[in-house]
Amino acid sequence: MGQCIILFKNKDYKNLLFRLRFTLVYRVIEEYNMSRYQWGLKKMAPVQYRDHLLAV
C-alpha cells in the first residue's frame, strides 16, 4: 500500500497507466494477428495468410 501512495504522490501513475493500456492493446492486436483463425482467410491467422500469399 505504501508504494501506491508514493506513485500517486510522484504523479507516476499517469505513466504507469499509459504503459498498462499500451501493453493491453498490444496483446489484443498480437493475439488477433497471430492466433485467431479466420474463415475468410482460408482458416488461417492473418500473419499465416500473408506469409502464404508471399510464398506463392
Side-chain angles (χ1 to χ4, degrees):
M1 186 71 175
Q3 292 175 347
C4 292
I5 293 171
I6 292 170
L7 283 176
F8 286 122
K9 284 183 180 179
N10 293 333
K11 306 263 183 193
D12 287 336
Y13 67 94
K14 289 181 182 179
N15 188 24
L16 181 65
L17 289 175
F18 174 77
R19 285 188 284 150
L20 180 62
R21 285 186 199 132
F22 179 80
T23 303
L24 292 174
V25 170
Y26 180 79
R27 285 182 183 172
V28 168
I29 292 172
E30 186 178 54
E31 188 268 335
Y32 181 84
N33 286 332
M34 298 298 222
S35 63
R36 187 174 168 263
Y37 300 107
Q38 299 181 3
W39 291 97
L41 300 178
K42 296 185 179 182
K43 300 175 191 161
M44 296 184 212
V47 172
Q48 290 173 331
Y49 188 71
R50 182 195 67 207
D51 293 340
H52 169 75
L53 289 177
L54 293 175
V56 172

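Quick caveat, the model's predicted, so the values are computed rather than measured. Throughout, residue positions are numbered sequentially from 1 according to the sequence presented.
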Using 0.5 Å steps for rounding, measure from the CG atom of Leu53 to the CG atom of Leu41. 8.5 Å
Approximate separation, where rounding is to 0.5 Å, of Gln48 CD and Lys42 NZ: 13.0 Å
With a 3.5 Å cut-off and no angle check, do the side chains of Glu31 and Tyr26 form a donor-acceptor pair? no
Search all heavy atoms of Ala45 against all heavy atoms of Ser35 and return the closest pair with its distance. CB-N, 4.3 Å
How close do Lys43 and Tyr37 get, heavy atom to heavy atom, and via which atoms? O-CD2, 3.6 Å
Closest approach of Gln38 and Pro46, non-hydrogen atoms and distance? NE2-CG, 3.7 Å
Would you compute the distance between atom CD of Glu30 and atom OG1 of Thr23 and round it to the nearest 0.5 angstrom? 11.0 Å
